[in-house]
Structure formats: structure tokens, C-alpha cells
Student: 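What follows is a structure written as C-alpha cells; I'll ask about it next.
Within every chain, numbering begins at 1; the chains are lettered A, B, ... in the order of the sequence lines, protein sequences first and strands thereafter.
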Protein chains: 2
Amino acid sequence: MSEKKLRIGELARLVQVSQDTLRFYEKHGLLTPSLRSQAGYRLYSQADLERVGFILSAKRVGFTLNEIHDLLGLEVTKDDKSCEDVKRFVDEKLDNLNQRIGEMQRIQKTLKTLSDACCGGAEPATHCTILEALNAQAESGPIPRRLL
Amino acid sequence: MSEKKLRIGELARLVQVSQDTLRFYEKHGLLTPSLRSQAGYRLYSQADLERVGFILSAKRVGFTLNEIHDLLGLEVTKDDKSCEDVKRFVDEKLDNLNQRIGEMQRIQKTLKTLSDACCGGAEPATHCTILEALNAQAESGPIPRRLL
DNA sequence: TTAAACCCTAGAGTTAGGTCCAAAGTCAAC
DNA sequence: GTTGACTTTGGACCTAACTCTAGGGTTTAA
Ligand SMILES: [Zn+2]
Ligand SMILES: [Zn+2]
Ligand SMILES: [Zn+2]
Ligand SMILES: [Zn+2]
């Protein structure tokens, strides 16, 4: 019982990207289907499917395809690298990630504060607290610190 | 005592972007210096400085320039909009942000787990747990669920 | 009064990450 | 045995967000 292989269209539908994108990832060494059919059709395994998942996840959180490539490709040079090297690479990404999460949380707080302060009513937004805050600088005053 | 104005080079140095980038932001309506000198030099106010800060912050957390433009530009159409509209816009971004933060935290966990499991030693990484995990799929096994 | 270090505009070029053909082969079903 | 939905390749094209170049004006300090 060999596992079910997916053709490119099926995989594309499954993970919600275009076939072109999958071929693009292949061209850039991120995802090579584990098999081809007689006719040359790409056949993707479950492992390939999960790999796409990883790629898309990493992409959504802001890794570039190059970084993802490096992450996935660490093993190619494994004989030249020490555990120390590999760990450093991952830890670097991790630091980066932590910083970005922190920044996002700050912006989140800002937006939340703004949103909470707005009445959300149906009348024209001429008095809207959100607009006032965002717009403070247009009146030549500084943007309130809580916005930054 | 009018406030100190910055020329483009000073501002660029201060916020660590190129002068071209500042001019680019201007061309796209994100940041218009509040004043020009006799000679046509851009003069940026403290408010302008803070606006750049906001732009860069928002950018770092993954807003596109278009989104930032919309955020900053809400007030232009304020007479056509209700508080409800404005609040909805912000809440939408907020949802988006929350989702992305969640995803980043998942990846963070993954990387942390990997990093913690690696010995970090100086010997060749042929046995490295990180590489084994990332590479599980290359041996046709699935990537461990904790990686996704 | 001239050299160095700034600034201006317009417009071309670049990179990442796709997206869209065109021409042709393949496979299932009717 | 042909229609229709799939697939292949190669290459042109696209958008976002810069980045660079050319050709010129300005400011300041020696
Ligand atoms: Zn209101
Ligand atoms: Zn409001
Ligand atoms: Zn080790
Ligand atoms: Zn290791």
C-alpha cells in the first residue's frame, strides 16, 4: 500500500496556492516533488504536502523564500557544519522572530486602544477619536506617544 | 522658538533609511514634509519624524505601504465615513494582526523546540537533531507534526 | 571663490515573489 | 477517436518597494 500521490492541481487546491507558485518554488529549490509519472507529471507525496505547509507557514510569518530555503537546506552542507553552526542559525531566526512578535504586539496594543476609544456609531466620522489620533500630526502637533 | 527642522539627510540618518526611500514615501503620499526651504529643500518637523516612525513600525510588522497609506489617510474621506466604517477598518487590521501573531508564535515554538533539542556542540552536524527534524521528509517520512 | 558636502527632479533599473501566456503532450470519458 | 480537463516547458510580464543615475542647483567653510 504505497501512499496516495497528488498531482499539481490537487496539491494546489489543497494548500490554496497556484500551480505556478508550486512550480516556482520548485525552480527555486524549495520543493521538488518526490516523483514524476511516466508522462512527466509531478507527483507529490504526503511529505511534500507537509513541506509546502511549512513553507507557507514560514512565509506567512515573514520569512523570505531565501531564508526558508536556508532553513530547509541546512542538511545539504551538514558535513561542513557543526551543531553549533546549525543551532546558531536557528537561534538567529528565533531572535529575529521574537523581536518582530514584540513589535507586532506593540502595534496591536495601539490599534486596540484606538479601536476601543471609538464609539463605532453610524454618524459621520468627523469627530472620530481614531482619526483624531492618527491625524494629530497633520495639525502640527506630535502623534500621541501611545501611537508609536 | 520654532522647532528644529531636519533636512532629508539628517532625517534619513536618524531613522536609518535612505533619502531615496523618504522621497519615495513622499511620492506615494505617505509622508510629505511640512515645509520646503527657499531653495526647495525638504524640511521635516518633529511630527514628520514621528510619522516616519509610525510608518517604519507598521512596515516592520508587515503592513504594506498601501495599508499604511490607508491607515494614515483615513481622515481625507472622513466626511464620507461613519465611526463604524473607521472602526471596522481598524478592527480588520487588528484581526489580521492577531492571526499573524498567533502564527508567528507557533513557528517560534517550533524553532525553540528544535534549538533546545540541539546539543550545540562543535562536532560535525551529521547527527544534529535540528537537521534530522527538518530533514525527516527527505527520507520520505513526514515532518514531525511539531514542525508545522 | 572654489571645493566638499549637501540637496533637487525625472526617470531607468533592480529584486522578490509571483502570474500569465503559448504550444504541445496526456488521460478519462463518452 | 474525439472532447475536455488535466499536465508540461519556456519565457514574457507584473507589482511592491525600493535603488541608482544623470544633470543640475545650494550651502558652508577654507
Ligand atoms: Zn464616533
Ligand atoms: Zn470613531
Ligand atoms: Zn549535536
Ligand atoms: Zn544539533
Student: Measure from the side-chain heavy atoms of A:Ala39 and tell me the nearest of C:dG17, C:dC27, C:dC7.
Tutor: C:dC27
Student: Measure the distance from CG on A:Asn66 to C1' on C:dT14 and round it to the nearest whole Å.
Tutor: 15 Å
Student: Could you state whether A:Leu30 and A:Leu43 fall into the same hydrophobic cluster, counting links through intermediate Ile, Leu, Val, Met, Phe, Trp or Tyr residues with side-chain heavy atoms under 4.5 angstrom apart?
Tutor: no
Student: Rounded at 0.5 Å granularity, tell me how far CG in A:Leu72 sits from OH in A:Tyr25.
Tutor: 11.5 Å
Student: Heavy atoms under 4.0 Å, any strand shown: does A:Ser37 hit a base, just sugar-phosphate, or nothing?
Tutor: nothing
Student: Take the protein atom CD1 of A:Ile8 and the nucleotide atom P of C:dG18, then report the distance between them rounded to whole Å.
Tutor: 14 Å
Student: Do A:Asp91 and A:Arg88 meet the salt-bridge criterion of a basic N to acidic O distance under 4.0 Å?
Tutor: no
Student: Donor-acceptor check, side chain of A:Asp85 to backbone of A:Ser82, threshold 3.5 angstrom: yes or no?
Tutor: yes
Student: Nearest heavy atom decides the nucleotide; on that basis, is A:Gly9 or B:Lys59 closer to the 5' end of DNA chain D?
Tutor: A:Gly9
Student: Find which nucleotide of DNA chain D each of A:Arg42 and A:Arg13 is nearest to by heavy atoms, and output the residue with the more 5' nucleotide.
Tutor: A:Arg13
Student: Tell me whether B:Glu67 contacts the main-chain N or O of B:Thr64 through its side chain, where contact means a donor paired with an acceptor under 3.5 Å.
Tutor: yes
Student: Reading DNA chain D in the 5' to 3' direction, which nucleotide is the first one with an atom under 4.0 Å from a heavy atom of chain B, and which is the last?
Tutor: D:dA16 to D:dT27
Student: Report the C-alpha separation of A:Arg51 and A:Asp48 in whole Å, then their side-chain angles, then the decisive distance to 0.1 Å, and conclude whether the salt bridge (Lys or Arg N to Asp or Glu O under 4.0 Å) test is met.
Tutor: CA-CA 5 Å; A:Arg51 192 172 171 112; A:Asp48 293 331; over 6 Å; no
Student: Ignoring hydrogens, what is the shortest heavy-atom contact between B:Leu94 and A:Lys112? Give both atom names and the distance.
Tutor: CD2-CA, 3.9 Å
Student: I need the minimum non-hydrogen distance between A:Cys128 and A:Cys118, along with the two atoms involved.
Tutor: SG-SG, 3.8 Å
Student: Please state how far atom OH in B:Tyr41 lies from atom P in C:dC8, giving the value in whole angstrom units.
Tutor: 7 Å
Student: Under 4.0 Å, heavy atom to any atom of DNA chain D: which of residues 19-29 of chain B qualify?
Tutor: B:Asp20, B:Thr21, B:Phe24, B:Tyr25
